[in-house]
Amino acid sequence: MPELPEVETIAANLRQGGDLPALPGHTIQRAELLWERTLAVPSPAEFSERIAGQTIRDIRRRGKFLLFDLDRHTLMIHLRMSGDLWVEPESAPVAPHHRLLLHLDGDLRLAFNDARKFGRAWLVEEPGIVLDSLGPEPLEEGFTAEILYQRLHAVKRQLKPLLLDQSFLAGLGNIYADEALHQARLHPLALSNELTPEQSARLWESIRLVLQEGIRRNGASIDWVYRGGNYQHFFKVYQRTGFPCYNCGTSIERLVVGQRGTHICPHCQPLK
DNA sequence: CACGAGACCTGTTCGC
DNA sequence: TGCGAACAGGTCTCGT
């Protein structure tokens with residue numbers, strides 16, 4: 001489900017509240033782990049013991065990770081493919097696919113719902129243990145076009161798998177990688193170190209544009225997993241196989257790159 | 001180093 | 001209608 005814009009939207013909703021109360025200021029009274037493997041570290045017993053009594057101070061995002069700043073630890077959650085976070089009253093029935101419950105004060109519950117069980121939670125004192133391997137934040141000021149050009153030329157990789165590599169750049173997933181490459185008129189199999197400065201600058205601009213647009217639309221809602229955003233109505237290539245390119249009318253094609261479904265306009269995004 | 005295949009999981013959609 | 005295959009927003013590990 002969630003790439004940078006979806007995680008950003010979820011973090012903002014939890015932090016600021018919306019239909020339900022904002023979480024900062026609420027105290028975790030008890031944790032309830034319903035699927036063991038959802039917890040990466042520490043052990044279930046240590047997790048329960050350490051997290052109880054801590055107050056949620058702030059909620060942030062880094063890459064696709066949600067970060068809950070607690071009094072003494074950071075709770076980190078990665079939603080992977082099908083994860084979502086629900087704030088609900090304690091009286092609500094435990095929905096199918098709830099994997100981890102945090103019982104809060106004020107009759108509230110934070111539930112980690114994750115049909116496919118790929119999602120993970122970490123409770124750590126030092127977030128760097130998990131986050132240090134991430135590449136730059138694409139929307140931060142420090143991520144300049146020059147830095148992208150340098151990083152592209154530091155390796156020789158196919159563009160699409162490289163954009164999905166979180167140590168290269170943090171936050172892009174399959175949707176936004178396809179959309180950014182199309183916007184930049186670059187083929188997903190093009191080699192990173194062969195991009196001209198102009199092509200690299202276009203990619204930099206396109207990455208930021210599609211992510212900002214995704215955030216502006218509160219993310220993309222597809223299938224049964226994530227609800228709330230409407231960026232799916234603005235895709236130019238993703239899941240548009242067989243439909244005409246908005247630029248040139250050519251039929252959008254689906255190929256597989258790095259085992260991921262990949263969508264391109266063969267006319268706008270030639271390989272050579 | 002770079003890439004592909006397989007694994008981890010469940011649910012939905014597609015094709016016969 | 002039924003049933004298996006293919007596919008899904010992610011990432012890790014292994015073999016070449």
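Predicted, not measured: the structure shown is a model, and the values here were computed from it. Letters go in sequence order (proteins before strands), and every chain restarts at 1.
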- Message: Checking A/Glu253 now: which residues fulfil salt bridge (Lys or Arg N to Asp or Glu O under 4.0 Å) with it, not counting sequence neighbours?
- Response: none
- Sorted by chain and residue number, the ring pair (Phe, Tyr, Trp, His ring centres under 6.0 Å) partners of A/Phe68 (sequence neighbours excluded) come out as none
- Does A/His26 have any ring pair (Phe, Tyr, Trp, His ring centres under 6.0 Å) partners at least two apart in sequence or in another chain, and if so, which? none
- Strand contacts (DNA chain B) in residues 117-126 of chain A, 4.0 angstrom heavy-atom criterion: A/Lys117, A/Phe118
- With sequence neighbours left out, write down each residue that passes salt bridge (Lys or Arg N to Asp or Glu O under 4.0 Å) with A/Asp71, or none if nothing qualifies. A/Arg57
- Item | Footprint string (nucleotides 2-7 of chain B, 5' to 3'): B base within contact, S backbone only, - free, heavy atoms under 4.0 Å | SSSBB-
Under 3.5 Å, which donor-acceptor pairs link side chains of residues 149-159 of chain A to any protein atom two or more places apart or in another chain?
from, atom 1, to, atom 2, distance (Å)
A/Tyr149, OH, A/His153, NE2, 3.4
A/Arg151, NE, A/Phe168, O, 3.2
A/Arg151, NH2, A/Ser167, O, 3.0
A/Arg151, NH2, A/Phe168, O, 3.2
A/His153, ND1, A/Asn193, O, 3.1
A/His153, NE2, A/Leu195, O, 2.8
A/Arg157, NH1, A/Asp165, OD2, 3.4

- Item | Canonical and wobble pairing (Watson-Crick, G-U, under 3.5 Å) of DNA chain B, dot-bracket with | | .|||||||.|||||||
Short heteroatom pairs, N/O only, protein and nucleotides 14-16 of chain B, under 3.5 Å:
none

- Under the salt bridge (Lys or Arg N to Asp or Glu O under 4.0 Å) test, which residues partner A/Arg30, sequence neighbours left out? A/Glu32
- Note on the structure: Those residues at least two apart in sequence (or on a different chain) that pass ring pair (Phe, Tyr, Trp, His ring centres under 6.0 Å) with A/His103 are none
- Item | Sequence-distant partners of A/Phe112, ring pair (Phe, Tyr, Trp, His ring centres under 6.0 Å), two or more places apart | none
